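Note that the structure is predicted; figures quoted are calculated from it, not measured.
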Amino acid sequence: MNKLISYLIFLVFSFSFSVGAQEKKRSAAELLKTLHSDSTIRVLFTEKVKVPFLKRALVSQGQFVIHPSGKFIREILSPTQSLTLFSGDAIVVTDKSGTMRIEKSSAPDIIGAMTLLRDLTQANSASLEERYLVSVEGEGENWAVVLKSRKEKSIFKQCIIHGKKDVILDLSLIESDGVKREIIFKSIDIQTDLSKKENRLFKP
């Protein structure tokens with residue numbers, strides 16, 4: 001399972017980092033080239049959201065379904081249920097209250113924030129470097145890739161991807177309003193079977 005989780009190591013950069021005292025330094029590009037896949041994948045996750053005015057973190061369980069076209073679904077399964085479809089030009093959110101569509105033309109910052117996940121999963125380093133300052137930190141087996149937004153008013157001010165050796169452990173997001181999100185990856189299914197609903201959502 002851990003080897004599969006490493007598929008979500010999200011980006012290709014030319015920075016080097018150490019993966020162990022007995023191993024030579026390897027670049028993230030070298031590592032990620034062997035892990036990249038164009039298959040549809042399904043990722044189960046736990047998300048912890050810390051809001052400044054709440055004492056306890058909000059915890060939810062959900063899944064990402066990421067399509068090679070760049071579209072993806074973010075579905076919350078518990079404690080409430082909702083589904084977000086990102087197509088690149090729009091976001092469609094469906095929950096118990098109904099369906100809401102957000103167009104890129106009316107909310108470019110929101111679309112830009114969602115584009116981060118697409119660029120990470122597709123290893124789109126050019127797009128990431130255009131919008132974020134990138135650095136690699138850590139010693140030995142433990143490392144972190146840090147992305148800091150170039151725009152002061154960006155929704156995601158900072159994104160940190162933590163890993164050990166060639167395995168991704170979690171993704172931390174710091175938002176402009178002080179909200180902190182931690183997404184812990186639990187399992188991943190490569191070349192996953194899609195439901196009828198998912199097939200319909202991913203149609204061109």
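- Remark: Arg150 pairs with no residue by the side chain to side chain donor-acceptor pair (under 3.5 Å) rule, at least two apart or across chains.
- Hydrophobic side-chain contacts under 4.5 Å tie Leu54 into a cluster, directly or through other members, with Val49, Val51, Phe53, Leu58, Val179.
- No continuous path of ILVMFWY side-chain contacts below 4.5 Å connects Leu83 to Ile91, so the two sit in separate hydrophobic clusters.
- Follow the hydrophobic side-chain contacts under 4.5 Å out from Ile66 and you reach Val93 in the same cluster.
- Among the candidates Gln63, Gln61, Gln81, the single residue satisfying the side chain to side chain donor-acceptor pair (under 3.5 Å) test with Glu75 is Gln63.
- In this structure, Lys71 contributes its side chain and Lys203 its backbone to a donor-acceptor pair below 3.5 Å.
- Here Ser195 pairs with Lys197, Glu198 under the side chain to side chain contact (heavy atoms under 4.5 Å, CB included) rule; sequence neighbours left out.
- Going from atom OG1 of Thr94 over to atom CG of Leu85 covers 8.5 Å, rounded to the nearest 0.5 Å.
- Contact check for Ser60 versus Pro79: side-chain heavy atoms found under the 4.5 Å cut-off.
- Separation of atoms NZ (Lys157) and OH (Tyr132) is listed at 12.5 Å; rounding is to 0.5 Å.
- With hydrophobic clusters built from ILVMFWY side chains whose heavy atoms lie under 4.5 angstrom apart, Phe86 shares a cluster with Leu173.
- Within the model, atoms CD of Gln158 and CD1 of Ile174 stand 4.5 Å from one another, a figure rounded to the nearest 0.5 Å.
- Summarising the geometry, atom OG belonging to Ser87 is positioned 13.0 Å from atom NE2 belonging to His67; distances are rounded to the nearest 0.5 Å.
- Atoms CD and SG, from Glu175 and Cys159 in turn, are 11.5 Å apart once rounded to the nearest 0.5 Å.
- At a threshold of 4.5 Å between side-chain heavy atoms, the hydrophobic network of Ile, Leu, Val, Met, Phe, Trp and Tyr places Leu194 and Ile73 in one connected group.
- Within the model, atoms CG of Leu201 and OG1 of Thr84 stand 11.0 Å from one another, a figure rounded to the nearest 0.5 Å.
- In the hydrophobic clustering of this structure, Val43 groups with Ile76; members are Ile, Leu, Val, Met, Phe, Trp, Tyr whose side-chain heavy atoms approach within less than 4.5 Å, directly or through other members.
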Which is it for Glu182 and Lys180 under the salt bridge (Lys or Arg N to Asp or Glu O under 4.0 Å) test, yes or no, and what are the steps along the way? CA-CA 7 Å; Glu182 181 182 17; Lys180 297 181 180 180; over 6 Å; no
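- Phe64 is not listed as a side-chain neighbour of Arg42, based on a closest heavy-atom distance of 4.5 Å or more.
- Looking at Arg181 and Glu47, their side chains come closer than 4.5 Å, going by heavy atoms from C-beta outward.
- Counting only heavy atoms from C-beta outward, the side chains of Leu171 and Phe185 approach each other to under 4.5 Å.
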